[in-house]
Amino acid sequence: MKRLCRISSLIALLLAATLAVCADPPPVTIAFVELRHALDLFKAEANQPVELVLAKAIEVDHRVVAPSGSIVHAHISAVDKEAKHPRVSLVLDDVQVGEKKIPITGIVAAIAPRSGADLSNDAHYGMMASTEPTRTNDPSRSVGTEANAATSMASKLNKEGDHGFSLRSDSQGAIGIDAKLDWTLASPPPVTVIEAKGKKLTLESGTQMLIRMATPSVSQ
């Protein structure tokens, strides 16, 4: 519970800073999504569109504003192929509901393999229990992630849990994927940086993601 409160408070504060809000931090809305198409970090290009599919409906004040199956649009804002490990920056744009696009502001807080993946066969999965944070040189610009230590529970949920999701509302970091996440918030919009721990990494279609975002503003 303490970890969940800390993470929720952190994301709320980060979003508040990004939105230049001086009052109380805005409420945080959770979205569970799946990557619609595979994303090869080494081959990714700036401005490349990325589509995510809502696995569960987004509700605001007990009202569904985006049903499951809705498409969340994002894009690659930057790539770094010259670094030791390929790295891409991802920005969330909006969620498509019918003919309407609802703007969203948030980050990808956690990623995990597609539903049904056998995490026990992942050679790197056991190392995901590390809670050592990572940061850029400027702590005001980026906040590193810590991996979810409950690896055995995540593996079970991945196969048997609600909607086959291993991610939970308090998940954070790369779970069962040989990567790490960072968030850059020097100026809006917030950016999620996905960096491979090796020379190559492809996020397969169906890769699970947990989004934390400012509650969408939906006009009547």
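Please read these numbers as outputs of a predicted model, since none were measured by experiment. Values below: every heavy atom of this structure, side chains too, minus hydrogens, waters and symmetry copies.
For Gly198 against Asp178, the heavy-atom pair with the smallest separation is N-OD2, 4.3 Å. Across Leu210 and Ser171, no two heavy atoms sit closer than the pair CD2-O, 3.5 Å. Summarising the geometry of Ile104 relative to Pro216, their closest heavy-atom pair is CG2-CG, 4.3 Å, with the distance given to 0.1 Å. Scanning all heavy atoms of the two residues, the minimum distance from Val28 to Arg212 falls at CG1-CB, 4.0 Å. The minimum heavy-atom distance linking Val97 with Val65 is given by the pair CG2-O, 3.4 Å. Between Gln96 and Ser70, the shortest heavy-atom contact is O-CB, 3.5 Å.
Between the side chains of Ser166 and Gln208, at least one donor-acceptor pair of N or O atoms lies under 3.5 Å. Judged purely by distance below 3.5 Å, without hydrogens or angles, the side chains of Asn47 and His75 never pair a donor atom with an acceptor atom.
In this structure, NZ in Lys180 is found 12.5 Å from CD1 in Ile111, a value given to the nearest 0.5 Å. How far NE2 of His73 is from NZ of Lys101: 5.0 Å, rounded to the nearest 0.5 Å. Annotation: the span from Phe165 atom CZ to Lys56 atom NZ amounts to 7.0 Å, rounded to 0.5 Å. In this structure, NZ on Lys100 lies 5.5 Å from CD1 on Ile102, to the nearest 0.5 angstrom. Here the CD1-CZ distance, from Ile177 to Arg114, works out to 11.0 Å after rounding to the nearest 0.5 Å. Annotation: the span from Phe32 atom CZ to Arg168 atom CZ amounts to 10.0 Å, rounded to 0.5 Å.
With respect to Arg63 and Asp61, no salt bridge is recorded, no charged nitrogen being found less than 4.0 Å from a carboxylate O.
Cluster annotation: Leu90 is connected to Leu54 through the hydrophobic network of ILVMFWY side chains, with a link wherever side-chain heavy atoms come within less than 4.5 Å. Following chains of ILVMFWY side-chain contacts shorter than 4.5 Å, one cannot reach Met213 starting from Val91, and the two form parts of different hydrophobic clusters. Under the 4.5 Å side-chain heavy-atom criterion for Ile, Leu, Val, Met, Phe, Trp and Tyr, Val33 and Val60 are members of the same hydrophobic cluster.
Within the 4.5 Å cutoff, the side chain of Leu35 has heavy atoms near those of the Val50 side chain. Considering only heavy atoms from C-beta on, Ser89 stays 4.5 Å or farther from Val79 through its side chain.
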Test side chain to side chain contact (heavy atoms under 4.5 Å, CB included) applied to Val193 and Thr184, step by step
CA-CA 7 Å; Val193 181; Thr184 302; 3.8 Å; yes

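Within the 3.5 Å criterion, the main-chain N or O of Ala109 finds no donor-acceptor partner in the side chain of Trp183. Within the 3.5 Å criterion, the main-chain N or O of Arg36 finds a donor-acceptor partner in the side chain of Ser205. Under a 3.5 Å cut-off, the side chain of Thr192 and the backbone N or O of Ile107 do not form any donor-acceptor pair.
Partner Thr105 forms a side-chain contact (heavy atoms from CB on, under 4.5 Å) with one of Pro188, Pro190, Pro189 and no other, that one being Pro190. For the side-chain contact (heavy atoms from CB on, under 4.5 Å) criterion with Leu52, the lone passing option out of Val72, Val95, Thr207, Ile71 is Val72. Partner Val88 forms a side-chain contact (heavy atoms from CB on, under 4.5 Å) with one of Leu203, Asp80, Ile194 and no other, that one being Ile194.
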